[in-house]
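The next block holds one structure in the form of C-alpha cells; read it before the comments.
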Amino acid sequence: MIRPLPAVEALVRERRPAWDLLDVVVTRAMRHGPKRLGGLGVDELVRLYPAVAADLARLRALDADDAVIRHVNRILTRAHAQIYRSPRRRASIIQFFTTTYPRLVRAKWRYVLASFLISAVVATMAHFAVQRHPDVVSDVLGGADVELQGGHERGQFEQRFHELPSPVLSSLVTTNNIRVAFDAFALGVTFGVGTVYMLTVNGAMLGGFSGAYAESGLGGEFWTTVLPHGALELSAIVIAGGAGLMIGFGMTCPGRRSRLRALREESIAAVKIAAGLVPAFIVAGTFEGFLTPSDRIAPTAKAAIGIATALVFWFYLLAAGRTRTSRS
Amino acid sequence: MVLPVMIDDAHFRLETPENVELEFEPAGPGSRFCAICIDWALMAAVGLVVVLILGAADVFSHATTSSLHLFDEHGRLVASWTLALMILIFAFGTSFYHLLFELFMHGQTPGKRALKLRAISDDGTSMTPGQVLTRNLVRTVDFLPALYVVGGIAALFSRANQRLGDHAAGTLVVKERELDYRARSDARNVTVELSVEEIANVELTAAERRLIARFLSRRHELLPEARWQLADDIARQLYARHGGQADDAEQYLERLAAGVQHAHDSVRTEQKPQ
C-alpha cells in the first residue's frame, strides 16, 4: 500500500481537528438551519472554511492520498453549499402574487394566447363534429363516452353532480385538474409535443361533451353545470399550458443557446407561472364541490358567479402589479 | 454563475471563489433507483397507516352516531370528508413527499439519505425552492411510461446522469459518501507477500501513483469482470513504461504500489538518523 508522504502525514495530523470542527459546524447548520448556529457558530464557519479550503489546495499540491483529498473535499462541498447561495431576494408570497406573478404572465402573453387558441379551436371543432355526426362521439371522447351513455336524458347530467358528496367531488375534480395543468406544464420538456397533446385532449373533452349535450337539447344544462367552476379552471389550465409551450418553444428554437440551456432558462420562469395557479385551482375546486351541485342557487346565477370569478381572475392578471411609470 | 467542469466520466470540478477546486461525483442511475425504491416503500407504509386511521375514524363515527340516531346525516358527512381527505392525500402525497423532504432536508429524501445521495444545484450550492419545485413537477414526465424510463434514458445521454427534471431545474444528484481515509485502510487487505526488488526503484509519476492507489482502494467495489478488465488495462499501460514482473495484473499493481512504499520507507530510514 502507498503510505502518505511525511509532509502529508504531518499536515493531516496538524489540521485534522480543524476539519472535524468544520464538519460538526456544517452538520449543525444543515440540520437546524444557518440561523440557529448563533454568532459564534457563524464565526467558526467563516473562519474555518477558507482555512480548510487552503488545506485542500495544499493536499492537492502535495499529491496526498486520494481518500484524504476526498474526505476534505466532502466537508468543503457541504460547507460551500451553506455559505454560498444562488443570489436570490427573499421575495414574499404576497409580493409574488401582487406584482411578480401578473407581470410574468403578461410578459409571456403570446404563449398563453397560443395555448388558448389550441384549446378553443379543438373544442370548437369537437363541438361541431359531435353535433353534426353523433356517431363520432366515441372517437372524440374516447373512453369518456361510456359515462355519456344514458346521460342524454334530461336531468341525468346534473344528477351526476348530486350523487357524490360535495367534499369527495370537490377533491376528485380538483386533483384531476391540477394534474392536467401541471402535466401540461411538465410535458413542455417533450419539445412542447406533450403539452399540445394535453391541451388537445382537454379541449376535445369539453367540445365533445358540449356538442353531445347540445345535440340532445341539453346545451343549457351543460353550460350551467360546467361554468360555475369550469370558467376559472379552464383559464388556469390554459395558462399552465402556456407555461408548457414556453418551455417547448425554447427547446425547439433555442436561438444562440444550447437546447439544454434553453430548457433550463425557460423552466425558471415557467415553473413560477405554473406554481401561481394553485390558489385558482383551490377556488375552482371549492366551487365545483359546493356551488355547482347546490340546489338553493339558480343555475344561471351559478354560471354567472363562475364567469364573474374568471373575469376577476383575468382582470387581476392584466391589471395587477402595473406601476404608473410603466404604463405606456 | 460558475458551471462545474467535467474532469472525467465520473467527476465534476467546481472552482470556488477561494480558487480551490471542489469535486462532485454524480450519482449513478442504479443508486438513484434504489433511493426511490426506499422512498416508495416509505410512502406505501405511510399510506397504509393513513388508510387505517381514517378507516378507524370512519367506523368509530358510525358506531357512536348510530346510537344517537344521527347516522344518516352526521355519519355520511364524516365519511365523505374522510374520503375527500384520502383522495387528496393519495393524489398529492407522492408529489408533496419529494417536494417537502427536498425542501427541508437540503435536497435529500429518506431514500437519498439512506444511500448518501443529495440533490444540489449545478453551481454547487443548495437548491432554491424554485429548483426543488421544477425538478419534482417534471418528475411525472420522467416517470413515463413507467418506472422512470424517460428519466433513465435522459440520464444515459447526460454527462451528470441528469433526468429531464434535473435539466429543467439545473440540478444534479451527487454522491456524498462518508469516506474516512483511516477506515479505508482496514477494508483493504494486501495478502500477497511481495518480493519487490525488481521493481522497487521504479519512478512512478504522481498521476500513476494516484491511479494505482485509486484502483487498489476501490477494487472491492467492482464486479469481478470489470475489476479484471480495469486492472489489465492499467497494468498494460504501466508495464509498457516501467517493465517488471508479476503473475497477474493486480499483483503487478500491488508490487508497483509496494515498491513506492518501499522507496518512501527507505527515504524515511535515511532521514531518521539526522
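So that the names make sense, note that chain A is the first sequence line, chain B the second, and so on, each numbered from 1.
More than 12 heavy atoms of other shown residues, nucleotides or ligands fall within 6.0 angstrom of atom CG in L156(B). For R257(A), the CZ atom is densely surrounded, since the number of other residues' heavy atoms within 6.0 Å is greater than 12.
Here the NE2-CG distance, from H167(B) to L260(A), works out to 5.0 Å after rounding to the nearest 0.5 Å. To the nearest 0.5 Å, atom OG1 of residue T190(A) and atom CG of residue L164(B) are 9.0 Å apart.
Only the backbone of A169(B) comes within less than 4.5 Å of a heavy atom in chain A; its side chain stays farther off. Heavy atoms closer than 4.5 Å to chain A are found in the side chain of R118(B), but not in its backbone. Interface remark: I69(A) contributes no atoms to any contact with chain B (heavy atom separation under 4.5 Å). Heavy-atom distances place both the backbone and the side chain of T134(B) under 4.5 Å from chain A.
If you check the side chains of T171(B) and R264(A), you find no donor sitting under 3.5 Å from an acceptor.
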(request) May I have the step-by-step check of side chain to side chain contact (heavy atoms under 4.5 Å, CB included) for R179(A) and S95(B), ending in yes or no? (result) CA-CA 11 Å; R179(A) 264 279 110 78; S95(B) 315; 3.2 Å; yes

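The residue among V141(B), T140(B), D166(B) with the most heavy atom pairs within less than 4.5 Å of chain A is V141(B).
Between S267(A) and Q131(B) there is no side-chain heavy-atom pair separated by less than 4.5 Å. You'll find the side chain of E25(B) reaches within 4.5 Å of the side chain of R70(A), heavy atoms only. Put simply, the side chain of L137(B) reaches to within 4.5 Å of the side chain of F185(A), judged on heavy atoms.
Residues L133(B) and A275(A) come closest through the heavy atom pair CD2-CB, 3.5 Å.
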